Amino acid sequence: MSAEHYLPHTAEDISRMLERCGAKSLEDLYNDVPEALRLKAPYNLGSGVSEPELIRWFDAIAAQNKTMKCFAGAGFYHHYTPAAIQSIMSRSEFLTAYTPYQPEISQGTLQYIFEYQSLMSNLTGLDVCNASMYDGTTATAEAVLMAVNASRRRNRVLVSATLAPAVAQVIGTYAAGAGITVEMIAEDNGMTSRAVLEETITAGDVAAVVVASPNYYGILEDYTGFAGICHAHKALFIINSHASALGFIKSPGEWDADIACGEAQSLGMPLNYGGPYLGYLCCTKALMRKLPGRIVGATTDAAGRRSFVLTLQAREQHIRRQKATSNICSNQGIMTLHASMYLSLMGAKGIRKVNELSAEAAHSLANGLCATGKVRMKYPEAPFLNEFAIAVDEPLTADSVLEKLAAHDILGGVRLTENSLLVAATEMCSPADIKEYVELVKGM
């Protein structure tokens, strides 16, 4: 089959378009493109093949991938995706207009955004959720900008050293262009130092304090009194979390946080070489008008039927350049739908069960590894959910452990330092997988 079979324009179409443009040929049309940048020969596409042949070709490429047992986390986790999600997501009722400015033709899109916002508000314990952010790092950076905008004249932000480094770096990038000063709150044995927070915040001019739960080391920190410290100094309290954990641990709302943000990939979204991800951003009602993105509301139409509309902050409000509160104008529509389907299918009991199984697997693995005598817990007294940091003793190193495990098709964790690594487990890690991991470390 010739390549021309797939081209939408005939030679006659091209001739008519060139005439309309006032060009005699395609070469004439592109004469402002330097010769050095032009394609010198046709693409090497090869000859055409049938559909079964093409599928076999892709299958052969896919077969070269190595499937590994995943014990890596650091904010992104291997959870099961219910089989119904893909089927439901593909229904035309939901896959309507990308940008739902015309509600009469976008009810499917508007409804799932509304459901997503409702579900995430319930999960975080806060009043309002937007739709939505690209990923958890930018969602947290947007939370910082939002807090500074809400405080008006304050431009200092305190960030816990137990926040994931990538998230802290993105906050720094955003802050650099917005005239915001970012200061780190030192960690104390893997947890945010309350003493340092109290000392630092008294200097004044602090717009927000950012912490994580669970934190980067997987530790569940006790934030009792943190909101009180922040509010006493007129600062907002921001908690970053991966979404699945909020179905099991104390929610940001219960910690009296003003803003909750983070990554929602853990809601059954497959790990796929770095994306796509989904950032969520929720806040109290008092901050609603500072929230970037879209807010969808429920109403009734002229016939009295329940319907959905964009309620606050349409896209045009975010393209006002220096006067805009944010440059976010798109939302992760498909991933928002995915999160809604996952939360709806799993329900509160299902999300809790996922976390119970993950915690059971992680604690079983931690106990087994410590029993080998080759590794030890980096923070032995700290409570954790499904992720923990271990220290390895000489002659082992973090790299040597990870390499040995990888040779047996196990993704063993994330390197922290030369002699420590971060290990995670989810409901996808079977007892046999855990036993194999422990035995391999024992034999090192």
Side-chain angles (χ1 to χ4, degrees), residues 65-85 190 214-220 242-249 265-272 342 345-393 396 398-416 420-444:
N65 291 331
K66 179 183 290 188
T67 301
M68 304 180 77
K69 303 176 184 72
C70 184
F71 289 90
F76 308 98
Y77 304 94
H78 182 207
H79 287 293
Y80 178 71
T81 305
I85 288 181
N215 72 19
Y216 181 58
Y217 307 115
I219 296 171
L220 298 173
H242 72 83
S244 177
L246 297 179
F248 188 75
I249 66 175
Q265 176 278 327
S266 57
L267 300 179
M269 297 175 194
L271 294 168
N272 189 37
Y342 181 86
L345 290 167
M346 300 296 288
K349 290 183 179 179
I351 296 292
R352 184 174 183 86
K353 187 64 175 179
V354 164
N355 281 277
E356 287 175 348
L357 292 172
S358 299
E360 182 181 325
H363 284 78
S364 174
L365 178 59
N367 292 335
L369 289 174
C370 290
T372 66
K374 299 295 180 70
V375 305
R376 50 195 162 76
M377 296 295 288
K378 189 174 177 69
Y379 305 108
E381 304 301 321
F384 65 92
L385 181 60
N386 72 307
E387 192 164 24
F388 55 93
I390 57 173
V392 301
D393 295 321
L396 296 179
D399 288 337
S400 68
V401 171
L402 293 175
E403 288 170 7
K404 176 67 177 292
L405 293 168
H408 290 80
D409 296 338
I410 293 176
L411 194 58
V414 175
R415 184 185 189 275
L416 290 175
S420 65
L421 60 147
L422 198 57
V423 182
T426 69
E427 81 280 11
M428 301 298 285
C429 300
S430 70
D433 296 336
I434 293 169
K435 181 179 180 181
E436 182 182 9
Y437 191 122
V438 172
E439 290 299 318
L440 285 169
V441 172
K442 185 178 179 179
M444 292 183 187

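Everything numeric in this text was worked out from a predicted model, so none of it was measured.
- Summarising the geometry of Val441 relative to Thr372, their closest heavy-atom pair is CG1-OG1, 4.1 Å, with the distance given to 0.1 Å.
- With Thr81 contributing its side chain and Gly268 its backbone, the two residues share a donor-acceptor pair below 3.5 Å.
- With respect to Glu427, the side chain to side chain contact (heavy atoms under 4.5 Å, CB included) criterion is satisfied by exactly one of Val354, Asn386, Asn355: Val354.
- A distance of 6.0 Å separates CD1 in Ile410 from CZ in Phe71, rounded to the nearest 0.5 Å.
- A distance-only check finds no donor-acceptor pair linking the side chain of Tyr342 to the backbone of Pro82 [under 3.5 Å].
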Inset, instruction - Tell me, with the steps shown, if Met444 and Leu405 meet side chain to side chain contact (heavy atoms under 4.5 Å, CB included). - result: CA-CA 10 Å; Met444 292 183 187; Leu405 293 168; 4.2 Å; yes

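- A pairwise comparison of heavy atoms in His79 and Ser266 identifies CD2-O, 3.2 Å as the closest pair.
- Residues Gln265 and Leu271 meet the side-chain proximity criterion, which asks for heavy atoms closer than 4.5 Å.
- Counting non-hydrogen atoms of neighbouring residues, nucleotides and ligands closer than 6.0 angstrom, the CD atom of Glu436 exceeds 12 such neighbours.
- Ring geometry for His242 versus Tyr77: interplanar angle of 30 to 60°, hence tilted.
- Counted within 6.0 Å of NZ on Lys353, heavy atoms from surrounding residues, nucleotides or ligands total 12 or fewer; the atom is thus considered open.
- Residues Cys370 and Met377 share a closest heavy-atom pair of SG-CG, 3.6 Å.
- Going from atom OG1 of Thr426 over to atom CG of Leu385 covers 11.0 Å, rounded to the nearest 0.5 Å.
- Residues Phe384 and Pro214 have side chains not in contact (no heavy-atom distance under 4.5 Å, counting atoms from C-beta outward).
- Nearest approach of Gly190 to Asn215, heavy atoms of both residues: O-ND2, 2.8 Å.
- Note that CD1 of Ile390 and CG of Leu416 are 9.5 Å apart. Values are rounded to the nearest 0.5 Å.
- Of all the heavy atoms in Val414 and Ala74, the pair that sits closest is CG2-CB, 3.9 Å.
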Inset, instruction - Please assess Phe388 against His363 for the test ring-ring contact (aromatic ring centres under 6.0 Å, His included), listing each intermediate value before the final yes or no. - result: CA-CA 9 Å; Phe388 55 93; His363 284 78; 7.9 Å; no

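- Taking CE of Met428 as the reference point, atom NE2 of His78 lies at 4.0 Å (rounded to 0.5 Å).
- Between Gly247 and Ile351, the shortest heavy-atom distance links the atoms CA-CG2, 3.5 Å.
- Looking at Lys435 and Glu439, no side-chain N of the basic residue comes within less than 4.0 Å of a carboxylate O on the acidic one, giving no salt bridge.
- Distance check, rounded to the nearest 0.5 Å: CD of Glu387 to CG of Leu365 gives 11.5 Å.
- Distance check: Leu402 CG to Arg415 CZ gives 9.0 Å after rounding to the nearest 0.5 Å.
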